[in-house]
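Any value given below was found using the heavy atoms of this structure, including those in side chains, with hydrogens, waters and symmetry copies removed.
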Number of protein chains: 2
Amino acid sequence: MSTSLSTQPDDLRSGLGRNLTYGLLDALGRAIVTGRYEKVPFPTEAELAKQHGVSRSVTREAVKMLTAKGLLSARPRQGTVVQPASSWNLFDTDVLRWLLERQFSVDLLRQFSQLRIAIEPEAAALAAQFGTGEDLRQISAGLARMEAAERGQDDTLDADIAFHVAVLRASGNPFYAQFRDMVATALRTSIRFTNRIKGRTASVADHAAVRDAIAAKDPATARTAMRTLIGDVVELIETVEGTETPA
Amino acid sequence: MSTSLSTQPDDLRSGLGRNLTYGLLDALGRAIVTGRYEKVPFPTEAELAKQHGVSRSVTREAVKMLTAKGLLSARPRQGTVVQPASSWNLFDTDVLRWLLERQFSVDLLRQFSQLRIAIEPEAAALAAQFGTGEDLRQISAGLARMEAAERGQDDTLDADIAFHVAVLRASGNPFYAQFRDMVATALRTSIRFTNRIKGRTASVADHAAVRDAIAAKDPATARTAMRTLIGDVVELIETVEGTETPA
DNA sequence: GTTCGTTCATTTATCGGATATATCGGGGTT
DNA sequence: AACCCCGATATATCCGATAAATGAACGAAC
C-alpha cells in the first residue's frame with residue numbers, strides 16, 4: 001500500500017496526484033479515513049516529511065488541504081490531529097471517494113442512497129417546473145444512452161450517470177447540481193456491489209417514466225417516479241449488506 | 001475593505017483568521033465569490049504575496065486551501081485561475097458563508113431553502129423511525145429553548161438552530177447531520193432579511209408538531225410537519241426577494 | 001507556405017534552513 | 001496553595017535557490 005508507515009518513502013508521484021502534494025494528499029486522506037491514526041498519534045510535520053521523502057513545503061500544503069476538507073486540525077505545540085468523522089466534509093468528492101473505496105463501505109453507500117431519496121425526487125420535481133428545453137434534451141439524451149447500452153452500444157454505468165446528472169442540473173438550483181460529482185462517484189462505487197446481484201438493466205422503463213413526467217411538466221409524478229427509482233437502489237443495497245465486501 | 005487591491009498591505013492578522021494564512025484565505029475567498037477576478041486575471045503567487053504583505057509560503061498555503069474548496073486551480077506557466085462557480089464546493093461552510101454574506105444573496109438563500117425542503121422533512125422522517133431517546137431529548141430541549149425565547153429568556157435564533165440541528169442529528173445518517181453547520185450559517189444570515197418583515201416567532205406551534213410526530217414515531221406526519229415549517233421560510237424569503245438587500 | 005521541432009520565458013513546484021510565535025507543563029516564588 | 005516565569009516543542013512565517021511544466025515564439029525542413 002502506498003501509505004506505508006515503514007521507513008521506505010512512497011512513490012507519491014506515480015500515484016493519483018499530478019504532483020507530490022496531490023500524491024501526499026491522496027495517501028494521507030486514505031490513511032485517515034481507514035483509521036490508521038486512531039491508535040497512534042498523527043505525525044508531526046517533520047516526521048511526515050521524512051516518512052514520505054518530501055519537503056516540508058509539500059507536507060504543509062497537503063496538510064492544509066486536508067484541514068480545508070475537515071479531516072485535520074493543526075495548532076502549535078499541540079501538533080496536527082485527526083478531526084472526528086462528524087466534521088469531515090462528506091460532500092467533498094475526494095473525501096467521499098476515500099470513504100467509499102475503503103473496505104466495509106456498504107453501510108456508507110446505503111446512507112448516501114438514503115440521502116439521494118431526499119435529493120433526486122425533489123430535483124426531478126423542480127426540473128418538471130423550471131427545466132428548459134435544453135435541460136429536457138440532456139435528460140432525453142441520457143435516457144437514449146441507457147437504451148443504447150441495453151443493446152450493447154454504450155456503457156450502462158456512464159449512461160445511468162448521465163441521466164441522473166442531467167436531472168440534477170435541470171433543477172436550476174446550484175445546490176442540487178452540486179450533487180453531480182457525488183452521485184457519479186457513488187454510482188461508480190455501487191456498481192461493484194450491485195452488479196454481482198442482479199441483471200441491473202431492468203430500470204430503463206422506470207427512468208423513462210421520470211423523463212416523461214418532466215417533459216409533461218408534472219412535478220408530483222416526476223417526484224414519485226424518481227423516488228421509486230432510488231428506492232429500488234436502496235432495496236438492492238440492503239440486499240447486499242452484510243453479504244459481500246468490495247474487491 | 002480588507003481585500004483591497006491597492007498597494008497598502010492588508011492587516012490579515014486582525015481579521016477572521018487565527019493567523020496570516022487563514023486571514024488571507026478569508027480575504028481571497030470573499031474577493032473571489034464577489035467576482036473581483038471576473039474581469040482581471042487572478043494574480044500570480046508572487047503578486048499576491050506582495051499585495052498582501054505576506055510570504056510566498058502563506059500565499060501558497062491559502063491558495064492550496066482555496067483549491068481544495070474548488071475555487072481555484074493552479075498550473076505551471078498558466079498561473080492560478082478562478083474556477084467556474086459550478087465547481088465551487090457549496091457545502092463547505094466557508095464557501096457558503098462567503099456567498100451568503102455578499103450582496104445580492106437573497107436569491108442564493110432562497111435556493112438553499114429549496115434544498116432544505118428536500119433534506120429536513122426526510123431527516124424528520126428518519127428521526128421518527130430511528131431516533132433514540134437521547135435524540136428526542138435533544139429535539140425537545142431545542143423546542144424548550146424556543147418557548148423560553150418567546151418569553152425573552154433565550155435567544156430566538158440560537159434556539160431555532162438548536163432545534164433544526166437536533167433533528168438532523170437524530171436522523172442517524174451522517175450525510176444529513178452534515179447539513180448542521182450549513183443550516184446554522186443560513187439561518188444566521190436569513191435572520192437579517194426575515195427579521196425585518198415579520199414577528200417571526202409565530203412558528204413555535206409548528207415546531208412542536210414536528211417534535212410530537214417524531215416522539216410518536218410517525219414518519220409521514222413528521223415529514224409533512226417539517227415540510228410545512230420550511231415551506232413557510234421559503235414563502236417568507238420570496239416575499240423579501242427583490243425588496244431589500246442585506247445590511 | 002505549412003509543418004514540425006527547438007529554444008526560451010514564465011509560473012508553479014519543490015527544497016531546506018532560519019526565525020517567530022503559540023502553548024503546555026514544570027518549577028520556583030510568595 | 002496560588003501564581004508567575006521559563007523552557008521545550010510544535011506549528012507559523014520568512015526567505016532564497018533550484019526544478020519542472022508549459023505555452024509561445026522562432027526557425028528549419030519539406
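Taking 4.0 Å as the cut-off between side-chain N and carboxylate O, A:Arg97 and A:Asp181 do not count as a salt-bridged pair.
Atom CZ of B:Arg60 and atom C1' of D:dC14 are 15 Å apart (whole Å). In this structure, the CD atom of B:Glu45 is 8 Å from the C1' atom of C:dA13, given to the nearest Å. Rounded to whole Å, the distance from CG on A:Asn19 to P on D:dA20 is 13 Å. Rounding to whole angstrom units, CG of residue B:Leu20 and P of C:dT19 are separated by 19 Å. Atom CG in A:Leu48 sits about 16 Å away from atom P in C:dT14, given to the nearest Å. Across the protein-nucleic acid pair, B:His52 atom NE2 and D:dA12 atom P stand 20 Å apart, rounded to whole Å. Rounding to whole angstrom units, CZ of residue B:Phe42 and P of C:dT10 are separated by 21 Å. If you take CZ of B:Arg75 and C1' of C:dT14, they are 17 Å apart, rounded to a whole angstrom.
For B:Gln78 and B:Ser57, each mapped to the nucleotide of DNA chain D holding its nearest heavy atom, the one lying further toward the 5' end belongs to B:Ser57. Positionally, the nearest nucleotide of DNA chain C for A:Thr21 lies more toward the 5' end than for the other of A:Pro76 and A:Thr21.
Classification of the B:Phe91-A:Phe175 ring pair by plane angle, with boundaries at 30° and 60°, yields tilted. Between B:His164 and B:His207, the ring planes lie perpendicular to each other; the angle is over 60°, past the 30° to 60° tilted range.
For the side chain to side chain contact (heavy atoms under 4.5 Å, CB included) with A:Arg188, the qualifying choice from A:Asp160, A:Leu100, A:Asp158 is A:Asp158, the only one to do so.
The number of heavy-atom neighbours closer than 6.0 Å to CZ of B:Arg145, taken from other residues, nucleotides and ligands shown, is above 12.
Rounding to the nearest 0.5 angstrom, the gap separating the CG atom in B:Leu25 from the CG atom in B:Leu66 is 5.0 Å. Note: A:Asn173 CG to B:Leu90 CG = 9.0 Å, rounded to the nearest 0.5 Å.
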What's touching nucleotides 3-8 of chain D from the protein side, N or O pairs under 3.5 Å?
residue, atom, partner, partner atom, Å
D:dA8, N3, A:Arg77, NH1, 3.0

Could you go over nucleotides 16-18 of chain D and give all protein N or O partners under 3.5 Å, atom names and distances?
residue, atom, partner, partner atom, Å
D:dG16, N7, B:Arg56, NH2, 3.1
D:dA17, N6, B:Arg56, NH2, 3.4

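For the pair B:Ser55 and D:dT13, the criterion of a side-chain N or O lying under 4.0 Å from OP1 or OP2 is not met. Between B:Lys64 and the phosphate of C:dA13, there is a side-chain N or O to OP1/OP2 separation shorter than 4.0 Å.
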**salt bridge (charged side-chain N to carboxylate O under 4.0 Å, His left out) between A:Lys50 and A:Glu47, worked out** = CA-CA 5 Å; A:Lys50 188 171 187 178; A:Glu47 289 168 344; over 6 Å; no

